Amino acid sequence: MPLVVYIDLIFLMNLLIDASLLLVTAWMRKQKVVLWRLALSAVVGAMYVVMMFLPEFSFLYTFLVKFLFSVVMLWVAFGFGSLQNYLRNMGAFYIVNFAAAGGILGVHYLLQDSGEIWSGIWYSASGGLSFSLKIGALFILVCFFAVLYGFKRVIDARQRQERIRSFLADLEVRVGDTAITCTGLIDTGNQLSDPLSRLPVTVMEAVLWEQVLPPSYRGKLADERADNLILQLTEAGDFPWPERLRLVPYRGINKGTQFMLALKPDEVMVRLDGKEYRSSRVLIGLDGGRLSTEGTYQAIVHPALVESTEAKESMDTISKTGT
């Protein structure tokens, strides 16, 4: 039977693949996407694949020509800018390509049984070992977009962790002779404060305070209401600081007003970028769950603990300069 090749389908498939690769590259490098440039670049890449079916263009399938085509595609899609920026775009483009190709091959081998693998292995006349690979177009398309989606999720999670790390600080809370230390996230969106005292509230995981909580009340913060717990803690007599307990109202997502159990510490110290920020005007809210699903931090630090100290240092510097 004669071999039938649908050039239009091959062109369309490679057009979608090249456009997707360029989009993910732009996302990784945070490049501005100009749709007509990206579409034209994808057309250049798809046309190159179609040329393989024309014998007179067989000379184009060398390493140098393939590399030059990728150079042209990146120039059309993102422009040149600078040599450093261009080389970084190229590196990201090839990383995305290799990740997608490797993912497709990995899924293909994962789904094959031993018989299918051995049927693709054969020996040449010279005694060399060769392997033929047959992957359907639909399989390639499905796996390609699935692999790209997974790759984007992994990179996105890593970038999110890097952004979070820039706001991580060491937190130490001292109450009497007890000191609790953990990693806290400086959350500029945290504006929780006690409406009566106007003190900012830093939220910590209650599990950090298990050594001072009565054994019978450990784990109850996640299930019971805070107003009931504060009555139990103050009346039980086995909690060391009943006079330091507070109830802080807050509004949850899609919920009405709720209460958070909080402590009034003697001092809170935040270590950030080699600097120490100390404050006694703060409340420590106790959360019964986990603040970070990945365990990156165990507290959400109110930004006022850093901002107020920075403002004070700035005012002191201005006063010294003025005198």
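On a predicted model such as this, the values are computed, not experimentally measured, just so you know. Residues: numbered from 1 along the sequence shown.
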Do you know which two heavy atoms are closest between [X] and [Y], and how far apart they sit?
| X | Y | result |
| --- | --- | --- |
| Tyr297 | Glu205 | O-OE2, 3.9 Å |
| Arg290 | Asp287 | N-OD1, 4.4 Å |
| Val248 | Ser193 | CG1-O, 4.1 Å |
| Ala42 | Leu22 | N-CD1, 4.0 Å |
| Leu192 | Pro249 | CD1-O, 4.0 Å |
| Val201 | Asp194 | CG2-N, 3.9 Å |

*asked:* Applying a strict under-4.5 Å side-chain criterion to I, L, V, M, F, W and Y, I'd like to know whether Leu199 and Met269 cluster together.
replied: no
Is there a side chain to side chain contact (heavy atoms under 4.5 Å, CB included) between Met90 and Phe67 once you walk through the steps?
-> CA-CA 10 Å; Met90 182 173 293; Phe67 177 75; 3.7 Å; yes
Hey, does [Y] have a side-chain heavy atom less than 4.5 Å from the side chain of [X]?
| X | Y | result |
| --- | --- | --- |
| Leu305 | Tyr277 | no |
| Gln298 | Leu208 | yes |
| Pro303 | Gln191 | yes |
| Glu210 | Val207 | yes |
| Val282 | Pro265 | yes |

**Request:** May I have the step-by-step check of side chain to side chain contact (heavy atoms under 4.5 Å, CB included) for Ile180 and Gln211, ending in yes or no?
**Result:** CA-CA 10 Å; Ile180 305 295; Gln211 58 178 324; 2.9 Å; yes
Checking [X] side chain against [Y] main chain: does a donor-acceptor pair fall under 3.5 Å?
| X | Y | answer |
| --- | --- | --- |
| Lys264 | Ser280 | yes |
| Asp187 | Ile300 | no |
| Thr25 | Leu21 | yes |
| Arg198 | Leu196 | no |

If you measure from [atom1] on [X] to [atom2] on [Y], what distance do you get to the nearest 0.5 Å?
| X | Y | atom1 | atom2 | value |
| --- | --- | --- | --- | --- |
| Leu68 | Ser70 | CG | OG | 7.5 Å |
| Leu263 | Leu283 | CG | CG | 9.0 Å |
| Arg271 | Leu168 | CZ | CG | 15.0 Å |
| Arg88 | Arg29 | CZ | CZ | 6.0 Å |
| Thr183 | Asp170 | OG1 | CG | 5.5 Å |
| Trp27 | Leu23 | CH2 | CG | 12.0 Å |

Between the side chains of Asp266 and Arg244, is the shortest nitrogen-to-carboxylate-oxygen separation below 4.0 Å, so that they form an ion pair?
yes
Subject >> Ionic contact status for Glu172 with Arg174, cut-off 4.0 Å >> reply: no
Only one of Val301, Ile284, Thr202 passes side-chain contact (heavy atoms from CB on, under 4.5 Å) with Val268, and that residue is Ile284
In residues 75-83, what donor-acceptor pairs under 3.5 Å come from side-chain atoms, sequence neighbours left out?
{"unit_1": "Ser82", "atom_1": "OG", "unit_2": "Asn85", "atom_2": "N", "d": "3.3"}

